[in-house]
Amino acid sequence: MSAVSSTIVDAAAALEAGRLVAFPTETVYGLGADAENPDAVAAIYAAKGRPQDHPVIVHVAPGAALEYWCADIPAEAFQLVDAFWPGPLTLILKRASNIPDAVSGGQDTVGIRCPSHPVAIALLQAFKHGRGGIAAPSANKFGHVSPTTAQHVRDEFGDDARLAAVLDGGQSEVGIESTIVDLSRLVTHGPVLLRPGHISAEAIAAVIDQVPARPDAAAPRASGTLESHYAPHTPVAMQDTATLAATLARLADAGRKVALIHYSALPATRAGVQLPATPEGFAHALYAALRAMDGTGADIILVEAPPQEGAWLGVNDRLRRAAHGSSGIVHGLINNTTTF
Ligand code: TXA
Ligand code: MG
């Protein structure tokens with residue numbers, strides 16, 4: 001019998017006692033609570049400063065019974081579970097009647113996923129003997145950049161007394177949040193891609209023979225689909241490779257301090273960080289880079305816009321949302337009409 005570390009046992013006990021535990025997943029770190037304890041779930045919302053009607057994802061152990069959590073489960077859900085779990089795919093399904101509606105912000109659906117990070121799996125197996133569910137949004141304040149290291153979580157929540165432990169599992173491999181597919185309205189609307197991620201629409205289509213559609217107005221709400229989300233405090237702008245140099249020159253002329261995130265080879269004199277030029281490498285490093293650049297005191301974070309190809313969909317989605325809220329101030333900075 002392999003010994004489970006006391007850290008994991010303690011963390012599982014804290015969850016069972018209704019407290020919060022932050023834990024690593026392969027996508028980003030989660031802020032976890034017992035999904036069947038409405039008071040514990042409410043503590044997540046309070047700690048994050050998140051609106052009460054935003055649903056959270058329920059994380060389950062490998063081999064967990066979908067039927068316990070979900071109702072009216074279509075065959076496609078089991079096909080996707082077989083193909084991608086444990087892994088970065090969240091399914092939206094009808095919620096089983098015994099599951100408190102606190103986890104889904106009052107909606108009749110539930111978001112569910114089985115993460116592949118070994119620490120997350122160990123925690124899920126220790127918690128309620130592997131039969132519990134851990135409700136966990138990303139472990140960041142509402143609207144802010146998701147954490148991909150334990151230190152990021154500590155930076156977000158400091159010594160918040162609600163948080164019993166932050167489990168450290170190193171840097172999250174994938175680096176952006178899970179792909180979310182809504183199967184709750186399959187018969188009438190087909191599968192819907194609520195949030196793009198590492199598992200692509202094409203990979204999903206290859207399993208269920210239907211390409212997930214982009215969300216329509218009636219699709220279930222998802223906070224990660226708000227126009228402004230995943231944002232650092234510093235204004236963010238995306239610039240095509242071709243216009244990047246000219247924009248940098250203008251900002252320098254105007255005396256602006258720029259933090260640059262790029263993937264093309266640029267002259268070494270530029271202050272900033274170069275990320276890998278692959279969608280996987282870029283996603284893995286993106287949030288840590290945004291946080292690091294946010295801490296430099298720069299006036300603006302300039303990001304070299306990635307290619308518009310399908311494999312970059314998840315990264316482009318996160319960057320667009322990171323930049324959305326600051327589009328006005330960025331326009332002023334680049335055109336030198338903003339004064340401080
Ligand atoms: O990779 C991930 O999914 C990470 C890790 C921790 O697992 N979690 C994560 O959680 O990104 P969060 O709360 O930051 O984003 C979850 C997204 C939100 O956009 C939420 O609205 C959506 O999932 N969601 C959860 N349950 C849902 C439901 N029943 N219907 C529609 N959207 C739902
Ligand atoms: Mg989030």
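Both counts, for ligands and for their atoms, begin at 1 and track the order of listing. Predicted, not measured: the structure shown is a model, and the values here were computed from it.
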S.K.: Please report whether ligand 1 has a polar contact with S178, defined as an N or O pair separated by less than 3.5 Å (distance criterion only).
M.R.: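 So ligand 1 has an N or O lying under 3.5 Å from an N or O of S178.
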
S.K.: Out of S172, G111, P55, S146, who gets a non-hydrogen atom closest to atom 33 (C) of ligand 1?
M.R.: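 Selected option, by shortest heavy-atom distance: P55.
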
S.K.: Indicate yes or no: at least one non-hydrogen side-chain atom of L286 is less than 4.5 angstrom from one of L319.
M.R.: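 Side chain of L286 against side chain of L319, heavy atoms only: contact under 4.5 Å found.
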
S.K.: Can you list the ligand 1 atoms lying under 4.0 Å from a non-hydrogen atom of T109?
M.R.: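 Heavy-atom distances to T109 below 4.0 Å select 28 (C), 29 (N), 30 (N).
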
S.K.: Just distances here: any N/O of R50 and N/O of ligand 1 closer than 3.5 Å?
M.R.: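 N/O-N/O distance under 3.5 Å: yes.
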
S.K.: Could you tell me whether the side chain of K141 and the main chain of A47 form a donor-acceptor pair under 3.5 Å?
M.R.: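 Such a contact is absent between K141 side chain and A47 backbone.
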
S.K.: Are H152 and Y287 near enough that their ring centres are under 6.0 Å apart?
M.R.: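 For H152 and Y287, the ring centres are not under 6.0 Å apart.
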
S.K.: Return yes or no for this condition: an N or O of R113 is under 3.5 Å from an N or O of ligand 1.
M.R.: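 For ligand 1, there is an N or O atom that lies under 3.5 Å from one belonging to R113.
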
S.K.: How far apart are the C-alpha atoms of T241 and E304, what are their side-chain angles, what is the distance that settles it, and do they pass the side-chain hydrogen bond (donor to acceptor under 3.5 Å, both in side chains) test?
M.R.: CA-CA 6 Å; T241 312; E304 181 182 12; 2.8 Å; yes

S.K.: R195 to ligand 1: N or O pair under 3.5 Å?
M.R.: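 Yes, since at least one N or O of R195 sits under 3.5 Å from an N or O of ligand 1.
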
S.K.: For ligand 1, which atoms sit closer than 4.0 Å to a heavy atom of H59?
M.R.: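 Here the atoms of ligand 1 in question are 5 (C), 6 (C), 7 (O).
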
S.K.: When you compare the side chain of I57 with that of S178, does any pair of heavy atoms fall below 4.5 Å?
M.R.: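 Yes - at least one pair of side-chain heavy atoms lies under 4.5 Å apart.
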
S.K.: Just jot down the ligand 1 atoms closer than 4.0 angstrom to any heavy atom of V56, in number order.
M.R.: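 What qualifies from ligand 1 is 25 (C), 26 (N).
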
S.K.: Is there a nitrogen or oxygen of Y29 sitting under 3.5 Å from a nitrogen or oxygen of ligand 1?
M.R.: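 No; the residue has no nitrogen or oxygen that sits under 3.5 Å from a nitrogen or oxygen of the ligand.
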
S.K.: Begin with the C-alpha distance, continue with both residues' side-chain angles, and end with the deciding distance and a verdict on side-chain contact (heavy atoms from CB on, under 4.5 Å) for K94 and L183.
M.R.: CA-CA 8 Å; K94 291 287 182 208; L183 297 178; over 6 Å; no

S.K.: Report whether any nitrogen, oxygen or sulfur of Y230 sits less than 2.8 Å from the Mg ion (ligand 2) (N, O or S, backbone or side chain).
M.R.: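 No N, O or S atom of Y230 is closer than 2.8 Å to the Mg ion (ligand 2), so no.
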
S.K.: Against R185, only a single residue in V192, T109, I92 fulfils side chain to side chain contact (heavy atoms under 4.5 Å, CB included); can you say which?
M.R.: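 The residue from V192, T109, I92 that satisfies side chain to side chain contact (heavy atoms under 4.5 Å, CB included) with R185 turns out to be V192.
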
S.K.: Suppose I only count heavy atoms of V110 and a 4.0 Å limit; which atoms of ligand 1 are within that range?
M.R.: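 Listed by number with element, the hits are 29 (N).
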
S.K.: Is the distance from the ring center of H229 to that of F142 below 6.0 Å?
M.R.: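 Between F142 and H229, which both carry aromatic rings, the centre distance is below 6.0 Å.
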
S.K.: Are side-chain heavy atoms of Q107 and R95 found at a separation under 4.5 Å?
M.R.: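 The answer is no, as the side chains (C-beta and beyond) never meet within the 4.5 Å cut-off.
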
S.K.: Which atoms from ligand 1 have a heavy atom of T27 less than 4.0 Å away?
M.R.: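 Here the atoms of ligand 1 in question are 1 (O), 2 (C), 4 (C), 5 (C).
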
S.K.: State the atoms of ligand 1, each with its element, that fall below the 4.0 Å cut-off from a heavy-atom position in G30.
M.R.: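 Near G30, the atoms of ligand 1 are 6 (C).
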
S.K.: Under 4.0 Å from a heavy atom of I180: give me the atoms of ligand 1 that qualify, with their elements.
M.R.: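 Listed by number with element: 17 (C), 22 (C), 23 (O).
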
